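Any value given below was found using the heavy atoms of this structure, including those in side chains, with hydrogens, waters and symmetry copies removed. Since the structure is predicted, the reported quantities are computational estimates derived from the model, not experimental observations.
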Amino acid sequence: KLGLENKKVVFLFTDAHVAQEGFLELINNMLTSGMVPALFADDEKEGLINQTRDEAMKAGASPARESIWSYFVKKCANNLHIVLAMSPSGDTLRTRCRNFPGLVSNTVIDWFMPWPQQALKAVAEHFLGESEYITEEHYGNIVQHVVFVHMSVGTHSERFLRKLRRINCVTPKNYLDF
């Protein structure tokens, strides 16, 4: 779909998806070269080259197989947007960035700060509004309670850090999982 149908695709990969560190090697290859080595069998690769040949030639690529394949890979890379969502807490992300340098050198890092109370309330209203188990009478109080719990965990985590020098990260993902 990326190369033949010219569709834009977002691939979301979170740290929860890392069942094996080898998955990150594949992601690293996609980030650094735009391709996963040996992803396609020779006959599949030949079929993709044949289907892309006319378009590649119109775009100025030479008729050589390598040139057309390079055009296809570049087109796929332009249409694929990889979104990595990983927690910065602990040493895991640091180690992964050392082992897979494409995670740093070929990405844009967005650090997300704590959500304001208004955003927490809006998200709670959205998700809890769909619940068949919450009566209209209790809905507002439950929304406020969910927001209060998340914000108080953040406050207590700061005290925990000051008192025991231990870090407890409170993230929007914690809130969404709650």
Review point. Taking the side chain as C-beta and beyond, is there a heavy-atom pair between V146 and F127 under 4.5 Å?
Key: no

Check your understanding: So, S152 side chain and V149 main chain: donor-acceptor pair closer than 3.5 Å or not?
Key -> yes

Review point. Between N50 and R53, is any side-chain donor less than 3.5 angstrom from a side-chain acceptor?
Key: yes

Check your understanding: Got a donor-acceptor contact below 3.5 angstrom from the N168 side chain to the S157 backbone?
Key -> no

Review point. Any sub-3.5 Å donor-acceptor pair from Q144's side-chain atoms to N141's backbone N or O?
Key: no

Exercise for review: Please answer whether the main-chain N or O of M151 pairs with a side-chain N or O of T155 as donor and acceptor at a distance below 3.5 Å.
Suggested key: yes

Check your understanding: Can you check whether Q51 reaches F72 side chain to side chain, under 4.5 Å on heavy atoms?
Key -> no

Check your understanding: Residues two or more places apart in sequence or in another chain: which of them pass side-chain contact (heavy atoms from CB on, under 4.5 Å) with E55?
Key -> Y71, K75

Check your understanding: Quick one: does V147's side chain get under 4.5 Å of Q117's, heavy atoms only?
Key -> yes

Review point. Does E66 offer a backbone N or O that forms a donor-acceptor pair with the side chain of S70 under 3.5 Å?
Key: no

Point to revise | Ionic contact status for D42 with K45, cut-off 4.0 Å | key: no

Exercise for review: May I ask you to decide if I109's main-chain N or O and T107's side chain share a donor-acceptor pair within less than 3.5 Å?
Suggested key: no

Check your understanding: Are E21 and E25 side-chain neighbours, meaning at least one heavy-atom pair lies under 4.5 Å?
Key -> no

Practice item. Mind checking ring pair (Phe, Tyr, Trp, His ring centres under 6.0 Å) for H17 and listing every partner two or more places apart, or none if nothing turns up? Key: F13

